Amino acid sequence: MKTLKILHMYSELLDLYGDNGNMEIIEYRCRMRGITCEIDGYTVGSDIPDFSSYDLVYIGGGADLELNTISADLLRCRDGLKKAYDEGVFLFLVCGGYQLMGKYYRDAGGKEITGLGLFNYYTSAAENRKKQCIGDIVVRTEITGKPVDVVGFESHGGQTMGVKAPFGKVLCGNGNVFQGGAEGYSEKNVIATYLHGPCLAKAPEISDYIISYCVNRGAEAPAELAPLDDTFEHECRKVMLNKLLNKK
Amino acid sequence: MWYHICDTKKTKVKYVKRLLIIIGKIIVKLLRLMKRNAGNLPGIVLWHLSGHKAVSMFKVECPIIAVTGTNGKTSVTSCIAKLFEDSGKKIIINKEGNNLDTGICSLLLRHCDMKGRVKADYLILETDESYVPVVYSQLKLDTLVVLNFFRDQLDRNGAMETLIQKVNGFCKTFDGNLILNGDDPNTARLGRANPKNKNVKYFHAKPYAYATETAFEASEGRFCPFCGEELKYEYYQYSHIGKFRCAKCGFGDYEPYITAENIDLSKPVFTADGNEYSPVINSIYNVYNMTAVAAAAKLYNINQKVTDKVISEYAVNNGRMEKFMLGDCDTTLNLAKNPVGANVTLRVMNEMGGEKELLFVLNDNPADGVDVSWIWDINFSAFENVTRVVTSGARAYDIAVRIKTAGYPAEKIIVCPDLEKSVETLAETSGKKFVIANYTAVQPTREALNRYIEKKGGKA
């Protein structure tokens, strides 16, 4: 089977609420199936890599300070990332990574960080501090073709608007905007979300969707992934869904 | 509110302050009569009445020593208090860990006279990091001890940088004694906040047997806060604690006030300023805490015999490296409220020879910070000779998923959300046991261990 090539960008700066864990999970689920996983790092000032040579590019979340630190550097990568995305490389983006792929991020002081503009959405920090979106969140997504409930933790002041194709529907929590109904952005090779936690911890279906997409890129007959024992993950999600959805 | 209404004439202010003290004291008395804990409520009432200046009405005429930092506040505060107590001084300490302005206000209310005067030789106050500027803009501080800054309950405090900035802001105008962990860049940087302060003192530790050349765990503060250059480490003790230096601006060059060396945790023993100490608790983490205590002892000229006794005898029965005999199994319980605490505990566990089993109890109550993502910053791949893992608490499955993903065999993990049952499961087999519990889990876990011992035998 082919080797999965992953580029994990800014892992030492953008790692809020366990975001780096997502790559540990992908790597684990590959390892259990005998799929080799190569994860390269990229940070501010690194040589610009050939983004198209990867199957998956991952960017996590960070506070305003970290976003400011990386934003100029990320712009250098714009053309390479755009090309890779057009060629079908999977983009997995959490929080700050999600925001910066849009048109811009306007912080609480009105200062604008230019986004890469790969997608048409844009983000402005909430004017009212009470509109900070912090807490547990449940999102129902159909990206795999079947409804999957993803449980995570959101913590963002930014309100993201102009999203045409959300990642999923909010069952509990806020999502793209304070008390909103939709969360994140997605395409067949893009998952962009506010969910930390890490969000793949209790959503093995989503991890496998990403892995399956990556290993089958360009293949004529997509190969099925070997099933894994996900009892802990399923029970873990069940506990949280009970707690979050039944309290209302 | 009344405080606002009255004009600023000194006499009036004085009477308002006295009135507030009386109200506060009445609340304390009432709560006592109702047999309720007066740890925080009186302070909350006065906070509202005084226009959010809950400790401004007190007159403290003795030196105040404050201890702050993410981990180790309670231990260091109580040891410093013991230094003075054993020297025959009258001290006041916030023992119950009420470390916000309201908690400190409640404490002072219980110890002041009707005029708000607090009589003691020393006040030793554990103080929450974000409340250092709040409390000590109202009360004059003699010494501030800063132990470390780690990620802790991010959603309550905001990013760690914001927290450091708060304490740093206070330090800019502070010219009292500043005792800083010189091996934590997040803490050591406070030494530059006020260039005019000549009373900055760093404590430092030489590498111990398990110090590493590269970082062992996900770490904070990898970059120089002054020039942005990546910090170079001679060695890491744990997390980002170690001998660091910025090659570009020289941050990290300082003359230590006190240095812990000859650290041998197998005994355990270490020396500081030529004095040998044999602490009860055998973690590198405790060596740092006790070095901070030794620094305070040096600063206040405490008799060496007193310091020896305090450092060598310090042990706590509050789930911090607490020993139990579960049947005939050696069992150690440790609190881990954040990744650093958990990583240090795993290290202590690894450094202990032979096979052992682990029970991890994880809750997600508001005081735990609700979200449990911090468990993903724990380095579980470093498990050595761990033959079985039991997980428990409200988030028992989360920690099971975490440990499994780190590469530990899933078939050796048993999930028992029920605490009682988890202790029974742990005790089913012989051999050494290790128990890690997070903040709100630690007391229930102690109780469950003690109940098991009462029923089935062993020693608390």
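Here the structure is a predicted model, which is why all the values come from computation and not from measurement. Proteins get letters first, then strands, A, B, ... in listed order; numbering begins at 1 in each. The basis for the numbers below is simple: all heavy atoms, side chains too, and nothing from hydrogens, waters or symmetry mates.
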Between [Y] and [X], does any NZ, NE, NH1 or NH2 come within less than 4.0 Å of an OD or OE carboxylate oxygen?
X: E357(B); Y: R388(B); answer: yes
X: D55(A); Y: K5(A); answer: no
X: K202(A); Y: E233(A); answer: no

**Request:** Mind telling me whether Y194(A) and Y98(A) have parallel, tilted or perpendicular rings, with 30° and 60° as the class edges?
**Result:**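 Answer is perpendicular, since the angle exceeds 60°.
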Which answer fits [X], side chain, backbone, both or neither, if we ask what part of it has an atom under 4.5 Å from a heavy atom of chain B?
X: M32(A); value: neither
X: R31(A); value: side chain
X: D19(A); value: neither

**Prompt:** Counting heavy-atom pairs under 4.5 Å to chain B, which of C236(A), G18(A), G197(A) comes out on top?
**Reply:**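 Of the candidates given, the most pairs with chain B belong to C236(A).
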Can any side-chain N or O of [X] pair as donor or acceptor with the backbone N or O of [Y] at less than 3.5 Å?
X: S46(A); Y: T43(A); value: yes
X: N22(A); Y: L200(A); value: yes
X: D377(B); Y: P339(B); value: no

**Asked** Looking at A410(B), A406(B), S373(B), which makes the most heavy-atom pairs under 4.5 Å with chain A?
**Response**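 Option with the top pair count is S373(B).
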**Request:** Check the pair N148(B) / T187(B) against side chain to side chain donor-acceptor pair (under 3.5 Å), numbers first and verdict last.
**Result:** CA-CA 6 Å; N148(B) 46 54; T187(B) 318; over 6 Å; no
**Request:** Starting from the C-alpha separation in whole Å, work towards a yes-or-no answer on ring pair (Phe, Tyr, Trp, His ring centres under 6.0 Å) for H196(A) and F153(A).
**Result:** CA-CA 5 Å; H196(A) 301 284; F153(A) 186 81; 7.5 Å; no
**Request:** Under 4.5 Å, heavy atom to heavy atom: which of residues 412-421 of chain B reach chain A? Give them by number, or say none.
**Result:** I413(B), V415(B)
**Prompt:** Side chain, backbone, both or neither: which part of A394(B) has a non-hydrogen atom closer than 4.5 Å to chain A?
**Reply:**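 Contact with chain A is through the backbone of A394(B) alone.
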